[in-house]
Structure formats: structure tokens, C-alpha cells
There are 4 protein chains.
Amino acid sequence: MHVQGAHPVADLGAGPCDRPLRADARKNRALLLEAAEEVFAERGLSVPVDEVARRACLGVGTLYRHFPTKEALFVAVVAARIERLRDESRCLIDSDDPGAAFFAFAERLADEVRAKHDLADALAEVGIDYKAELGGLVDEMHRNVQALISRAQAAGAIRDDLSAQELFGLIVGSCMAAEHQGLGTEAQRRMLHVVFDGVRRHDS
Amino acid sequence: MHVQGAHPVADLGAGPCDRPLRADARKNRALLLEAAEEVFAERGLSVPVDEVARRACLGVGTLYRHFPTKEALFVAVVAARIERLRDESRCLIDSDDPGAAFFAFAERLADEVRAKHDLADALAEVGIDYKAELGGLVDEMHRNVQALISRAQAAGAIRDDLSAQELFGLIVGSCMAAEHQGLGTEAQRRMLHVVFDGVRRHDS
Amino acid sequence: MHVQGAHPVADLGAGPCDRPLRADARKNRALLLEAAEEVFAERGLSVPVDEVARRACLGVGTLYRHFPTKEALFVAVVAARIERLRDESRCLIDSDDPGAAFFAFAERLADEVRAKHDLADALAEVGIDYKAELGGLVDEMHRNVQALISRAQAAGAIRDDLSAQELFGLIVGSCMAAEHQGLGTEAQRRMLHVVFDGVRRHDS
Amino acid sequence: MHVQGAHPVADLGAGPCDRPLRADARKNRALLLEAAEEVFAERGLSVPVDEVARRACLGVGTLYRHFPTKEALFVAVVAARIERLRDESRCLIDSDDPGAAFFAFAERLADEVRAKHDLADALAEVGIDYKAELGGLVDEMHRNVQALISRAQAAGAIRDDLSAQELFGLIVGSCMAAEHQGLGTEAQRRMLHVVFDGVRRHDS
DNA sequence: GATGAATGAGACTTCATTCAT
DNA sequence: AATGAATGAAGTCTCATTCAT
């Protein structure tokens, strides 16, 4: 899933550390990130940090050694997800079928959002608060997605007036709402297809 | 706790009440609801209740006399909004142009959601948590909207596979996401039109 | 002990409140201040605020309603003491025997400091951090003391090169140190008299 | 815990050690003491131990190997300073001019205290808490200072009712207070001279 | 009925100390 | 012996809710 080298999760929020983290520390960091992702997804951003620590079977202190703030932890969770999407979008850019590539990514984005409502909040809030902190990561992903869009538009597969931001808004928003309303998979699928149909080129 | 008929949470001056509150009490209740709507819209659901009381120029005690719980206050705010939408949808049902009526309501819903992010959360969460508490109110509104949809479908204006819930999800979701991302009015408008295009009948 | 009207303790840190505090609230505020004075004196500034609250037989919440911050509480304690000294110094200004008045105040200051080592810290720190917060209070007291000094100097009772600040430093410092070293009353008295002798006019 | 002779806490390179630490260990111990002295002086006793370790470019673990407790580290810092003063006072005892020797030491003590507010706290608290732990060190210094005082008294240079403890109290206290009040060097000098004048023999 | 003071559980965060590497 | 990651008790502060005035 991680396409290129090293420790892609660790390069955000950890600051510039000369030597890589010790083996156990890296494992714990990953445990914490995983636990946080789960817990935030299950119970929203208002869960106490102690809960995250407990889920990771670690002390709060450890959590705070890795993430100096609850917000930092959250940002790191979001960053990990954005990284995944960035990498996946990059892989799709060179596809032979730009339309298919576009919709594949859109589906993938929807998958990621579904059942993970904090990413929804997160991506939604990224545009406002976290853009600074997530640095170029969001921009990179946006550039990739914009490329997917442009190529799909050039191929005549989708409408011309659509930006990456709007695409994110539509998909994230619909999934988020669907989930909050407790709609079943079927209804979610229909909603997504309404969006897809809206995105497709019309001759109206 | 609810003593008399119908939808006791919502009657803030709309319909005639079986045993009406004293004049000043009713005024205070209205003040509180108004303040709560404002404050929740501005700062989200996490504002302290004291803030709501202060905005209404009343003591917390008074607030708690009218609403036994912060949640109850919130439900009442949501209820008031749903009532408005219910009434507006009812008025549109008998329109001569079902397609136009449908889109008019959809625009109206989007207006209501825009810049009121708590209603977004609220409507979104209604499907899950508050359905019970909001009693038939949501159902009524849904029935009205379903009627709008059916008539628009019969008139060939919109696609056949669309339920009221999905419509809500799409509109609420896109507005909510647009707002959170800080997108401008123009982008929001484009997103909404993507949804509208998706909702329209296609011959694909 | 309070020379002029009303509630001299409450007019610091409470902000401008139109109507005076309710009777019980004022009582509790006083209880808290008293408890804080005691507890700080006994165990230094590092006591948990909970301890202060417990001593006052009140909840922490109440403490925080009256003093928004641990520091604010501390400032209020200091303020109460400075008020006392300000008032006492004012009373001594018009004495017929400026030298005696000066030494009387100096003794009084020493009494206040002795066995209250937080005032020591407090007065000491006033010059740096709290000057802003204690507003004119410290200045008022300093002006009074400066007047005492000037009159005593004019009367030839004390040396010419002495400012109020230095006087405070000498007295507070010696008492504080004496107390910390666990010196007995006798030694403290001797130290104070060394200072007094140093302060007196010499013909050297 | 203290295995061999005399004043085991203080031997950081001063005297010959019965079973000397390995060269690097001794260097680390010295680094830590130096760092602690600096850091405590700059930021007070409340600095985290990690800060001391970082300043010494060592791990906390190393710190704890040398000093079993934060308090132990602090005691060691104080001990080092007291040793210096002890040695200096010893050198002055045989001076030809006991009065000058006395005031020289007093100035020296003031220098040591000035701008090192932890020694102030430390020396002040020595009398209470650390006396036991610092073993005979303080006593030795006190004996030396007492000798200085006695000789100066015999020479008629200073008043007869002055003990070493009181001298310390006066000097430490005035410097400490001066520093806390943020008084400039000039005011500090004046305060010290008031004390000196008080200490001198008067024929009053 | 209205007021706002009181309450205290619980949130986030720090830091002295221990222990695996 | 050195390192720095882990620990968790304890501290400050918030806020939903109750209750005396």
C-alpha cells in the first residue's frame, strides 16, 4: 500500500530526527496511530486521549512522547490517510483510460471515507485549519487528483467545470452524510452514482 | 415527561398549545431557541450551555427549566428547523410544475444548511440518534419530500431511483463539506449543480 | 483593619460587576481567599488548587468561578495583603514622629512577612510580573512608603540614599531568609536590627 | 548509601577519591553538575530533569545513574557551591586585616548569590531540609565564617551580636529579594551597603 | 418562575522515575 | 555504562447539571 520507501507515516509531526526511531518506538508509534484511527473512527474526535492509549496498550505518557498534543495525533492520523490517497492517485495518473482512472479513484476515495467518519471531518477541515500543518501533502494529493480530472476531462469523460476540491466535497460530503444517516450500503451506492452521473459529461 | 399530544418539542409558537405557557415563559423559550440556533451555528455543538444562556440574556437555570438537557435544547433547535422545512415542502407539493417544485425545495434545503453547520450535523445525525425524539416530525417532512420526488419523477423531471433520504444526504453532505472546506459561494453552487445534474433524468 | 468602606478585597480580579456579589458568593470568596492565604503560607505556591478548595470546604469549580486561574487566586491573596500594608502606611504618614513612624511601619512589614513566606515570594515577584496585574495598588503603597521615608529622612532619622524598593528588599529578604533557615525569633530580631542600624543615619 | 569518608556528595573532582569513577563517568558527572547549575540558575528549581540532561548532552538515564533523585542532583549542586565558599572563607581566615577579610567574604557571598537564584533558595533551605544531607559541609563553612566574624569582631570592625547564620540570612535575603524585584545593580549595591553599615560597629 | 453560584467528574497535559535496548 | 522510550500519578482547568436565594 505504501508505494515508496522508508517510514512514510513517521515523516509528519515527528520533527526532524537525525537517527530513525528505535525499533520499539517505531512499533509503538504505529500502534498508537492505528489505535487512534480506530478509536476516532468509532467514537469521533471527542474520545479522550486515554482511550487511544488504552487501545494501544500503552501509557498516555507514551502517546504524548510521540504526539505532543491531541491535535497533533489527529493530524498524524489524517496525514497517514492522505498519504495513502496521494500515492494511489499518483499510480492512476498514467492509466490508459483516464475516465476509468478518475472513477476508480473516486470510488477509492469513497471507500476510504465510508465507515471512517473522522477522515470526513478531517478532510473537510483540512481545507480550513490543517492546511498549514499538513504542508505540501494535501497539495500533492490535490495536484495528482487535478491531473486525473484534467486527463478525464480531455478524454471527454467528465464535465469541464469540476475542480479537485469540488470532487472531494461531493464525495466526502455524500459519504459522510450517508453514514451519519445510517443509510445502508445500497443507498450509499445510489447516492454515489447520482454524484457520478452529475460529474459525467452531459450534452444538455 | 411529554404531557400532551402531537410533537411537544416543536411548539414554540407555531401551533396552538393545549395548555399554553405563561406569556413570559413562552417568550423566554423562544429567546433561548433563537440564541441556541445562533450560537450553535457560529461555534458548533461544543459551546457551553452558559454561552447560550448569556446570549439569550437569561440564567442557565432558566435554560434548564425549559430544556432538561443540553441535548434536549439541541433537539429543539433541530426540530424548529425541520418544522420550517416540513411546512415549506408541504406548500410545494401542489405546485403545477413538479420538477421546478422539487428543485426549489432542494435549493431551499441547501440554503438552510449553508452557513448553519450544526443543522448539517443535526440533520445528518437525525437519522441515527434523534429519530425517536423528533417523533413524527422528520417522518412528516420526509413524506412531503417523498411526494415532491414522486411527482417530479412522474413528470419525468428526475431520475427514478432516488429516495428522500438520499436527496437529503446529497444536499446536506455537499453543503456541509463545501462549507468546511471554506469553498466560496461559486464553488458551492457548482457542487450543488453537479448534484442536480446527477439527479435529473438521464437517458444513459 | 480595613480603613475605608465596602469590600476592599473584592475589587481586584473580580472584574467590573454591576451588582455586588450575592451574600453567599461573597462569603465563599472570602473563605477561599482565607484558605488560600493559609495554605500558601503553609506549603508554598506549589500546593494544588484542590487543596485550597478543600480547605475552604468548597468545590474546585467554585474556586475557579471566583478566580479564573491559580495565578489569579494568588494575585488576589497578595493584593489583599498589599491593601493592608497600603492602608497602614497611609495611617502613619501624618505621624508627629516621622522616624518612629518609619520604623513602626518597617516592623509591621516584617511582622506581615514573618511566617507568611508566600507574601515574601509575592512581594518579591510583584516587582517583576505582577506589577501590571496589581495595577496601582503597589504604586499606592510604594508612594505611601516613600512618603514615610522622605519624612523620616527630612527629620534626619534615616540615611538619605534609601528608596521604598530597597527597604522592601531588605526587610522582605531578611525575614524570608531568616524563616527559611529556621532561625528563632531572637535571631530574626537581631537580623532586623542590623538592617535598622544600617538604615539609620550614620555620620561616617 | 554513603560508603566512604567525609563529604561524599561533594567530591566532583576537588579532592582525591578513594575509589575513583571511571574517567568518562567522572566527566559526565561534572557535565551534569555544570548543566544543572546553569539550568537551575536560569529557570529555577522547577525545570524538568530532562532539561538538565539535554543541556549536558546526556540521557536522563545517565543523570539518574549519578544522582538517584532530582533532589539529590540539586543537593549536589548546592554542595559544590558551598564547597567553594568554604574554601574561600578558609583562605581568608588568616588575613592580616580581619575587617577587610570579613567584608571581602561578604561581597564574595553576595556575588555568588546574585543572578543565581537557586543558590539563594538552596542556601536558604539548607538550614531546614538539607542540613542532614550536606553533612558537615555547611558546618565547616559556618565554622570558617564564624572565625572570620570573630576575628573581625575582635578587631572592632563589626558589631558584636552577629552570628554566621544571621550574616548569611542578611546577605542571601537581600540579594535574593533584590533580584526578584528586578532591581538594578546599583540598587543592589545600595542594599548591600545598608546591610554592611548595619553590620559595622556603631557607637550608638 | 428566574437567577447564577456551587458542584465534581473528567479532559488534557507534564514530569520524576524506571527499564528495555 | 549509556541511552531515551515508557510509565502513570498528579496538576490545572472546563462544563453539564443541581440547588439555594
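No hydrogens, no waters, no symmetry mates; every other heavy atom, side chains included, goes into these values. Everything quoted here is computed from the prediction, not taken from an experiment. Letters A, B, ... mirror the listed sequences (proteins, then strands); counts begin at 1.
- Summarising the geometry, the separation between CG on D:Leu32 and C1' on F:dA1 is reported as 13 Å, rounded to the nearest angstrom.
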| request: Classify every nucleotide of nucleotides 14-21 of chain E by which part a protein heavy atom approaches to under 4.0 Å, writing B for the base, S for the sugar-phosphate alone and - for neither, in 5'-to-3' order. | output: BSSBB---
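- Mapping C:Leu63 and B:Cys57 onto DNA chain E by nearest heavy atom places B:Cys57 closer to the 5' end of the strand.
- The separation between D:Leu31 atom CG and F:dT3 atom C1' is 15 Å, rounded to whole Å.
- Stem regions annotated for DNA chain F: E:2-21 with F:2-21, counting only runs of 3 or more consecutive pairs of Watson-Crick or G-U type with both contacts under 3.5 Å.
- Close to F:dA1, at under 4.0 Å from its OP1 or OP2, lies no side-chain N or O of D:His66.
- Shown here are the side-chain hydrogen bond (donor to acceptor under 3.5 Å, both in side chains) partners of C:Glu34, two or more places apart in sequence or in another chain: there are none.
- Annotation: the span from D:Leu31 atom CG to D:Arg26 atom CZ amounts to 12.5 Å, rounded to 0.5 Å.
- Rounding to whole angstrom units, CG of residue C:Leu58 and P of E:dT7 are separated by 5 Å.
- The distance between atom CZ of C:Arg26 and atom P of E:dG4, rounded to the nearest whole Å, is 17 Å.
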Distance-only donor-acceptor hits, side chain of residues 57-65 of chain D, under 3.5 Å, sequence neighbours excluded:
none

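- Taking the side chain of A:Thr62 as heavy atoms from C-beta on, and the options F:dA5, E:dT3, F:dT7, the nearest nucleotide is F:dT7.
- In this view, A:Ala35 and A:Val52, A:Arg55, A:Ala56 satisfy the side-chain contact (heavy atoms from CB on, under 4.5 Å) rule, not counting sequence neighbours.
- Applying the 4.0 Å criterion to OP1 and OP2 of E:dA2, one finds that B:Asn28 has a side-chain N or O inside that range.
- Regarding A:Arg65, its CZ atom lies at a distance of 15 Å from the P atom of F:dG8, rounded to whole Å.
- Here the side chain of C:Lys70 pairs a donor or acceptor atom with the backbone of C:Val47 at under 3.5 angstrom.
- Distance B:Glu51 CD to E:dG4 C1': 15 Å, rounded to the nearest Å.
- Between A:Pro48 and A:Arg43, the shortest heavy-atom distance links the atoms CD-NH2, 4.3 Å.
- Between the C1' atom of E:dA2 and the NZ atom of B:Lys27 lies a distance of 12 Å, rounded to the nearest Å.
- Closest heavy-atom contact between B:Ala41 and B:Arg81: CB-NH2, 4.5 Å.
- In this structure, D:Arg54 places its CZ atom 14 Å from C1' of F:dA5, rounding to the nearest Å.
- Residues satisfying the side-chain contact (heavy atoms from CB on, under 4.5 Å) test with C:Ala72, not counting sequence neighbours, are C:Phe67, C:Pro68, C:Thr69.
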